[in-house]
Amino acid sequence: HVQLVESGGGSVQTGGSLKLSCAVSGYLYAQYCMGWFRQSPGNQREGIAAVYTGGGDEHYAGSVKGRFTISHSSDKKNLYLEMNDVKPEDSGTYFCAAGAGRTLYCRGDFHQLYGIDYWGKGTQVTVS
C-alpha cells in the first residue's frame, strides 16, 4: 500500500525558515496530485499547497502564497514544502497527502478533497 511519512518539523522563530519533507513508498500512479495541509487546535484541516506531478498545476492558499514553495523530486518519491518568513499563525500539524490523477484539489479548488486518499501522520511546526 501507499505510505507517506513527513519529517522536518520543529520549532522556529518568527521570520525564520523551515523545510518539510514527505517520503512516498509503495506504488501510487504514473501521475498524481500531492499536497500539504495543516491543522491547529480548534480549527479544521486546511489545504495550503498542491502540485500535480504532470506539471503546471502548482497552487497555494492565500495565507501562504509568496512565502511557501511546494516541490517534488524528479522520481516523485519525495514531496517538499519550503517555508520562509514564517509567522506564529503558521504553527500547527502539517500533513502531506496524495491522490491519483489531477484531482480538483490540484486544480486550485482546496474545498474539494475527493480523490485525496493517502495521508501521512503529520509533523509538528511551532513558530514563536
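Bear in mind that the values here come from a model prediction, so they are computed numbers and not experimental data. Atom set for the values below is all heavy atoms of this structure, side chains included, hydrogens, waters and symmetry mates excluded.
- Hydrophobic clustering of Ile, Leu, Val, Met, Phe, Trp and Tyr side chains at less than 4.5 Å, counting indirect connections, keeps Y52 apart from Y60.
- Summarising the geometry, atom OG belonging to S71 is positioned 6.0 Å from atom NZ belonging to K19; distances are rounded to the nearest 0.5 Å.
- Proximity of V12 to S17: side-chain heavy atoms (C-beta onward) are nowhere separated by under 4.5 Å.
- The closest donor-acceptor contact from the side chain of R107 to the backbone of R102 lies under 3.5 Å.
- Separation of atoms OH (Y32) and NZ (K76) is listed at 6.5 Å; rounding is to 0.5 Å.
- At a threshold of 4.5 Å between side-chain heavy atoms, the hydrophobic network of Ile, Leu, Val, Met, Phe, Trp and Tyr places L4 and L81 in one connected group.
- Atom OG1 of residue T53 and atom CG of residue L79 lie 10.5 Å apart, to the nearest 0.5 angstrom.
- A distance of 16.0 Å separates OG in S128 from NZ in K87, rounded to the nearest 0.5 Å.
- Heavy-atom minimum distance, Q124 versus G92: NE2-O, 3.3 Å.
- Across all non-hydrogen atoms, the minimal contact from G108 to H59 is N-CD2, 3.4 Å.
- Atom CD1 of I70 sits about 7.5 Å away from atom CE of M34, to the nearest 0.5 Å.
- Here the closest non-hydrogen pair linking Y80 and S21 is CD2-OG, 3.4 Å.
- A distance-only check finds a donor-acceptor pair linking the side chain of S91 to the backbone of V127 [under 3.5 Å].
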Could you list the donor-acceptor pairs under 3.5 angstrom formed between side-chain atoms of residues 110-123 and any protein atom two or more places apart in sequence or on another chain?
residue : atom : partner : partner atom : Å
Q112    : OE1  : Y114    : N            : 2.9
W119    : NE1  : I116    : O            : 3.2
T123    : OG1  : G9      : N            : 3.3

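- In this structure, CD in E46 is found 9.5 Å from CD in Q39, a value given to the nearest 0.5 Å.
- A pairwise comparison of heavy atoms in A50 and Y105 identifies CB-CE2, 3.2 Å as the closest pair.
- At least one side-chain heavy atom of R38 sits under 4.5 Å from a side-chain heavy atom of V64.
- One N or O on the side chain of Q31 and one on the backbone of G54 form a donor-acceptor pair closer than 3.5 Å.
- Listed for the Y94 side chain is no donor-acceptor partner under 3.5 Å among the backbone atoms of E6.
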Problem - Chi angles and distances behind the side-chain contact (heavy atoms from CB on, under 4.5 Å) call for D90, R67 - result: CA-CA 11 Å; D90 291 323; R67 298 188 298 118; 2.8 Å; yes
Problem - Stepwise side-chain contact (heavy atoms from CB on, under 4.5 Å) test for T93 and F37 - result: CA-CA 8 Å; T93 303; F37 298 75; over 6 Å; no
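- In terms of hydrophobic clustering, with Ile, Leu, Val, Met, Phe, Trp and Tyr side chains grouped at heavy-atom distances under 4.5 Å, F95 and L18 are assigned to different clusters.
- Residue-environment remark: CD (Q13) stays at or below the threshold of 12 foreign heavy atoms within 6.0 Å.
- Taking each heavy atom of V125 and M83 in turn, the nearest pair found is CG1-CE, 4.0 Å.
- Residues N78 and D75 share a closest heavy-atom pair of N-OD1, 4.4 Å.
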